[in-house]
Amino acid sequence: MPSADTYPSLWASLCRVWRTALGVNRRNAEYLLPLNDPTRMAIVDNKVVAKAALFAADIAVAETLAVWSDRTALLAQLDEAMRWNDCVIKPGRGAGGGGIVVVNDADGVALTLIDGTRWSRDQVRDLCLDILDGVFALDEQPDVVLFERRIHADDVVYSMLTAADAAAVGGLPDIRIVLVHGVPLLAMLRVPTRKSHGRANLHAGGVGIGIDLATGRTTHGLYRNYHLPRHPDTHQPLAGHQLPHWAALLQLAVRCYDAVPLGYLGVDIVLDRARGPLVLELNARPGLQVQLANHVGLRALLDALTLHDVAHFSGAERIALGQQLYATHREWRP
Amino acid sequence: MTRWRLGCAVLLCSMALAFAAPGGDDTPEPTLPADRGPPAADGVAVAGAADTAAAPAVPGAPRYWRVRMQMTLGAADRPKQARMYLPTSSARQTIFERTVWGEPLGYRETASGENLLGQWYAEKPLVGAQTVTADYTVRIAGNGQSFPLSVTERANLDEYRAASATIPAESPAVQRHSVELVRPLRDPRAQAIACAQFVATAIAAADDAGPATADAALQARRATPLGMARLLAALLRAAHIPARVVGGVVLDAVAQPAQYTYWVEAAVPGSFPDPDGVRTWIELDPVRRVFGSVSNAHLVLFRGDHPLIRHSANLDFSYAVKVQRLTPDEAIAELTDNHASQFARVNADVARSNAAAVTNPVATILWVTDQVLPATLTDKFVAAASAQRVKVLFLTAPYGSRLFRAEHMTELMQRYDRTLRQADAVVLHTRDDAGFYALLAQGGRSGLLKHKIVYVTGALWSHVGDFLGRSVMTLFRPRALVVIPAALDANAMWDVVTTNFLDGVPIDDVARSWKLPLMQFSEATVPLGRWRQFLLDTWIVAAREGVTPQSLMLVLIIPLIALLVVIYRGVFGFQSFGTFAPVILCVAFLRTGVWWGVALFATILGVGALLRSVVNHWRLFMAARMALLLGIIGLLMLVVGVVGIWLGLGPLVNISVFPMVIMAGVIEQFTRAQVESGWAAAVRMAAATLGLCIACYCVLDWLSLQSVVLVYPEVVLGGIACTILLGRWRGLRLVELIRFYRLGRHHA
């Protein structure tokens, strides 16, 4: 621990936070509204459409098995779907990870989920009907059911964080990269915990880990607004791990911006065991916790970004700019 | 006066369900169920009875009694009638509560001299025996040696000195005894007591067959109670001491049925230290050995030498009186119980009315308050009012919520409409501006306060008071409207009202001497500025059409609550279920009061979420699930409302306005938050929602903001401007600031 005199005064710290951190008010008013065109937001919010856009730009995404947009399709294909093992059922416009079911095994009669529970055909049908009714949708409007091939997390991420306990923790770690005007500014690794039931969402109890944009090394852990030095289940230290394929991940994120040019964009990337980096989904209003995980205020970065005219930058230039900005605005407190 | 009593009787008849309905059978039913009085109370009553039998009634604390008088009229082939004297309030006794019923007989009351005569009559031949009943809850002062003469009694004192046919003060035998008795004594009080002691010792008590006249009593040395009373009155009058025969009931909890009896009241000048002071009444009962004090075991039914009951000839007739001693607490409970039944059995513990019922009052005061008036205070006020022959009726509605208080006071005034119309002064003694709203809500009844003096008090801004005062003035045209814009306690307000209204001290002087803020309104009050006068006229037109100012206020205040929500979410950064659910809930809180509101919110949310998780297994689609939730909430509110009625909790009955749809939405969101983020997060968010509701409520309740929007609707424009400004707020929310700062400290 540093000695007491290295801490700035309360007032100075608050002022520094005030100047460097980006709050919801400013994000919505100054970035989301002007930068994110509502029609493009609609693309991002709808997983099916977003996947089509990414697919068209030759970006690797999870394989779609089926999309059911009404009851007729559901009832026609449900019996067949009961035999698809290794798949994920999710709502097309879901929010916060609600309504997502990961299927481990299927025998035509019942589905076995990754946590071992068995779902009968009727249960699956009810879930799909709920999704169609829009129970999990952002706007509670009728939605579509999306069947995707399940992504198997690359052991690399597990081995560095969760050690031998990987199977017990389960779930899928993902990497979120926030881009503004296509410039990657902040990134974080989201890791499920036992408490989050395999989900990586921080709201659900996942752990967020800041990533040094320049090097791809993890920096700080974040768990429910608190600093967290070690993984709560495996007790592995969270800081100081090198992420594999970091440059490739950044390039993938930048290509996503080129495919769906949203000024304020979050890209969720997973590392698949077989296929390498895949884009899991795009997010038009990434949360602000990426700042907390990195201990870096986005506002300072954004202010610095305005000095550069990034409109004509190539992907590589934007990556270089992002890494440079990150290196110069490392933390919100001295 | 009688009209009021009759009205009261009509009102109270409806609450006959408190007792067993009087049947036509001959077996006298017990006055009260056996479980009514605890054993301790019985013990006290026995001690009291021993007091009265063995020694003169010791003056002491007031005693409370319940008295039931019953007459049974047998079957008759012709129209019949029966009359009975009924007790009234006077300086020595206070009638708190009465119920008179005798269906299917007709009933009317007439004033007979200084007494009240109840008359039951059958216009058609009676088929079976009919019982008529009068129930009273009375308080006998018993706190002194004497009680004051009324104004008329003071004027008619000679009447009580004159000899009459039944009180032969000039009979030689009486004269002789009287002179012997009083000669050795100077003090008229001592003389009176000596006469009474002579009658008590020298004349033996006889039953109804014994001598009933004074002379016969002296001769036979025995007499009926009436005979003894006549003899004593004659002795006193022979000694030039004003005296009168009094008839009434002995209040003895043991000897049942209670006895009618007669005794004597003598008007004597004060003894040491004020021998020449004003004459006051003392009581002398030779039979029960009350010598010169006010007996708290006697209930006066009538004064004068009259038979208690008169009925048509050839009528098969019987009567009975039953009494029960009540502790003060029981008496209060009794009153509240009975009044609760008037108020549809709502609010038994709080809504209460106390009245000093005086015959031929010189003035009537209707006192409406939203504060808890302790029984000691009302007793004091009632006694003071009775002493001045002023009738006063206290109506209380002590609730937390301003809206509900005002509504309840309006309702009370409508219930006691008869008294309100008779009243010479109407006092609205409230914490804040609720009194004005209680009045303004009756805007449709424009002649309501004509020729009355209206006093309104409560903590409010003088501008608000001015505007609301003008509204009341314009709507109701009272003779004068006095507004004291300050929170006064009941004692102070009573003093202000009595000093100004009864003693005639100008209100300016009253206010100046007690340093009270004062606003007066009369026909001559100068009009307001153009815009504000237009506003006033608009509100008044609305009030005349039955749109209460409170509903206008609610409409105007919604944008201000919404502003609070904007601050709560945008500046503080707290989350809540639904953006504007707290606005609706806050308005509901305004009706139920904040604590009941919180309790209801928690109950409905808790039970709703629990049942919702059960329902979850059925996997209904969303619209059906919401409809089911609405059904659950509806049933829940029904249960809470019924429980509220049973327990007499007024605010719970108001639950019908608790917004169901909003609560269904909150439950749904709570369940989702619980599924997604766990119980702790869901409960935290529910608490945040509740906190927002409470915060909104507190701000609304603070500083008469509700009145301010009514008087200055421009405030709403200011609120909208603030909303726009805050909508452009770009800074960190407070929660974010703390979160970022706290995390920064962890970083080494």
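Naming: A, B, ... by sequence-line order, numbering from 1 per chain.
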R672(B) and F136(A): CA distance, side-chain angles, deciding distance, side-chain contact (heavy atoms from CB on, under 4.5 Å) verdict:
CA-CA 9 Å; R672(B) 191 175 299 174; F136(A) 306 101; over 6 Å; no
If you count heavy-atom pairs under 4.5 Å with chain B, which of L22(A), L132(A), N28(A) comes out on top?
L22(A)
Derivation of the side-chain contact (heavy atoms from CB on, under 4.5 Å) call for F740(B) and T20(A):
CA-CA 10 Å; F740(B) 280 108; T20(A) 56; over 6 Å; no
Might you work through the side-chain contact (heavy atoms from CB on, under 4.5 Å) test for R742(B) and N225(A), ending with a clear yes or no?
CA-CA 9 Å; R742(B) 203 170 48 182; N225(A) 299 331; 4.2 Å; yes
E736(B) side, atom CD; Q291(A) side, atom CD - distance, nearest 0.5 Å:
8.5 Å
About how many Å separate CZ of R299(A) and CZ of R730(B), when rounded to the nearest 0.5 Å?
11.0 Å
With only heavy atoms counted, which part of L222(A) is less than 4.5 Å from chain B, the side chain, the backbone, both or neither?
side chain
Check whether L14(A) gets within reach of chain B through its side chain, its backbone, both or neither, counting any heavy atom under 4.5 Å.
both
Short side-chain to backbone donor-acceptor contact, N25(A) and V571(B), under 3.5 Å:
no
Evaluate side-chain contact (heavy atoms from CB on, under 4.5 Å) for R625(B) paired with D130(A), printing each intermediate quantity in order.
CA-CA 11 Å; R625(B) 209 167 46 211; D130(A) 265 4; 4.3 Å; yes
For the student: nearest non-hydrogen atoms of W18(A) and G731(B), plus distance
CZ2-CA, 3.9 Å
Of the backbone (N, CA, C, O) and the side chain (C-beta and beyond), which part of R728(B) lies under 4.5 Å from a heavy atom of chain A, both, or neither?
neither
